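Down below is the structure, laid out as structure tokens.
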Amino acid sequence: MLAEIQKHLTGHPWQDNIIWLDTIDSTNTYAKTLAQSGAPHGTCVLAGTQSGGRGRMGRSFSSPAGMGIYLSVILRPNCKAEDLMHLTCCAGVAMCDAVEKAAGIRPQIKWINDLVVNQRKLGGILTELSVNNAGFVDFAVIGVGINCTQQPSDFAEELQTIATSLSIAAGTQIAPVQLAKEMFLSLSEMDITQKESILQKYK
């Protein structure tokens, strides 16, 4: 997966900052550990599966092997925490752009961090900040999980009526590497300073 993604990102400034893991408890947890150790802006963690994928408010995120993209990216914006309250909205818009480019369908956003297609959950976003004593953001981590190749029977019974995947929604198989590439590019191209424009797109 890593070599395939990097092949599509030749010359990109973050190209060599991608870390691929076959399995991890949570890409966000791992990315935060890297950030605390000084990992640079644009470091991206991709995993084949997560044993403890996390969503908002402590919820779990199902992350079966080979069926989705589970990605976290480290950002180091030079701003105060209150200037970054729209980060989840910004990531949501970026991920809608990425899915549209990869699969030809545009998800909607269910407040505040769920990506949905036909009223079923396609993916989720988890943003986390580390703030220093002066109130400035030391680092931010954006985690995204998107269901890619699942068929209805691949979901647990309790999820079959509320979850979907790109393959189900698009009616054809979507290459995970193509989605991963577009997610990576969309996150790297976000301009978090354009708050009003971002919020308008989010709405």
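Since the structure is predicted, the reported quantities are computational estimates derived from the model, not experimental observations.
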Crowding at CD, E189 (>12 non-hydrogen neighbours, <6.0 Å): yes
Please find the pair of heavy atoms, one from A102 and one from I174, that lie closest to each other, and give the distance. O-CG2, 4.0 Å
About how many Å separate OG of S51 and CD1 of I24, when rounded to the nearest 0.5 Å? 7.5 Å
Quick one: list whatever passes side chain to side chain donor-acceptor pair (under 3.5 Å) with D114, sequence neighbours left out. K121
Name all pairs fulfilling the side chain to side chain donor-acceptor pair (under 3.5 Å) condition that reach into residues 130-140, sequence neighbours left out, sorted by first residue then second. none
Check: T29 side chain, D25 main-chain N or O, donor-acceptor pair, under 3.5 Å: no
Shared hydrophobic cluster for V117 and V144 (ILVMFWY, side-chain gaps under 4.5 Å): yes
Would you give the length of the straight line joining atom NZ of K110 to atom CG of L122, rounded to the nearest 0.5 angstrom? 13.5 Å
With sequence neighbours left out, what residues match Q173 under side-chain contact (heavy atoms from CB on, under 4.5 Å)? T149, Q151, S167
CG on D191 to SG on C90, rounded to 0.5 Å: 7.5 Å
Please report the interatomic distance CG(L71) to CG(L46), rounded to the nearest 0.5 Å. 4.5 Å
Are V116 and I146 linked, directly or through other ILVMFWY residues, by side chains that come within less than 4.5 angstrom of each other? no
Pairing residues for E4 by the salt bridge (Lys or Arg N to Asp or Glu O under 4.0 Å) criterion, not counting sequence neighbours: none
L75 vs V141 side-chain heavy atoms within contact, under 4.5 Å: no
Under 4.5 Å between any side-chain heavy atoms of L185 and L9, yes or no? yes
Tell me whether N147 contacts the main-chain N or O of S165 through its side chain, where contact means a donor paired with an acceptor under 3.5 Å. no
If the condition is salt bridge (Lys or Arg N to Asp or Glu O under 4.0 Å), which residues does D97 pass it with, not counting sequence neighbours? R106
Mind listing the closest non-hydrogen atom pair of Y70 and G48 along with its distance? CE1-O, 3.4 Å
According to ring pair (Phe, Tyr, Trp, His ring centres under 6.0 Å), who are the partners of F139, at least two apart in sequence or on a separate chain? none
Check whether any side-chain heavy atom of I109 lies under 4.5 Å from a side-chain heavy atom of L115, and answer yes or no. yes
Is the distance between the ring centroids of F184 and H12 less than 6.0 Å? yes
Heavy atoms of T88 and I112 approach each other most closely as CG2-O, 3.8 Å
Are the side chains of V177 and K181 in touch, meaning some heavy atoms are under 4.5 Å apart? no
If every non-hydrogen atom of N113 is compared with every non-hydrogen atom of I125, which pair is closest and at what distance? ND2-O, 2.5 Å
Grab the two heavy atoms, one from I69 and one from A180, that are nearest each other, plus how far apart they are. CD1-CB, 3.9 Å
In short, C89 meets I198 closest at the heavy-atom pair C-CG2, 4.2 Å
Is there a side-chain contact between I5 and I18 in this structure, where contact means two heavy atoms from C-beta onward sitting under 4.5 Å apart? yes
Contacts of S197 that satisfy side-chain contact (heavy atoms from CB on, under 4.5 Å) - sequence neighbours left out: Q194, K201
Suppose we screen for side-chain contact (heavy atoms from CB on, under 4.5 Å). Which residues come up paired with A98, at least two apart in sequence or across chains? M95, E182, M183, S186
side-chain contact (heavy atoms from CB on, under 4.5 Å) against I162, all qualifying residues, sequence neighbours excluded: L159
Ignoring hydrogens and angles, tell me if any N or O in the side chain of Q15 forms a donor-acceptor pair with the backbone of G11 under 3.5 Å. yes
Please enumerate all residues that pass side chain to side chain donor-acceptor pair (under 3.5 Å) together with T49, with sequence neighbours excluded. none
Look at atom CD of Q160 and say whether more than 12 heavy atoms of other residues, nucleotides or ligands are closer to it than 6.0 Å. yes
How long is the straight-line distance from CG of L84 back to SG of C79, given to the nearest 0.5 Å? 4.5 Å
Suppose the criterion is ring-ring contact (aromatic ring centres under 6.0 Å, His included): which pairs have a residue in residues 17-40, not counting sequence neighbours? none
Is any side-chain heavy atom of F155 closer than 4.5 Å to one of I168? yes
Just so I know, are the side chains of L34 and I74 near enough to count as touching, which here means a heavy-atom distance under 4.5 Å? yes
In the structure I gave you, are the side-chain heavy atoms of V99 and L166 within less than 4.5 Å of one another anywhere? yes
Verify the cluster assignment for W111 and M85: are they in a single hydrophobic cluster under the rule of side-chain heavy atoms below 4.5 Å apart? no
Scan residues 71-84 for pairs that pass side chain to side chain donor-acceptor pair (under 3.5 Å), counting only residues two or more places apart or in two chains. T27-S72, N28-S72
Measure the spacing between CG of D16 and SG of C44 and express it to the nearest 0.5 Å. 12.5 Å
Please answer: with hydrophobic residues joined when any side-chain heavy atoms are less than 4.5 Å apart, are W14 and L2 in the same cluster? yes
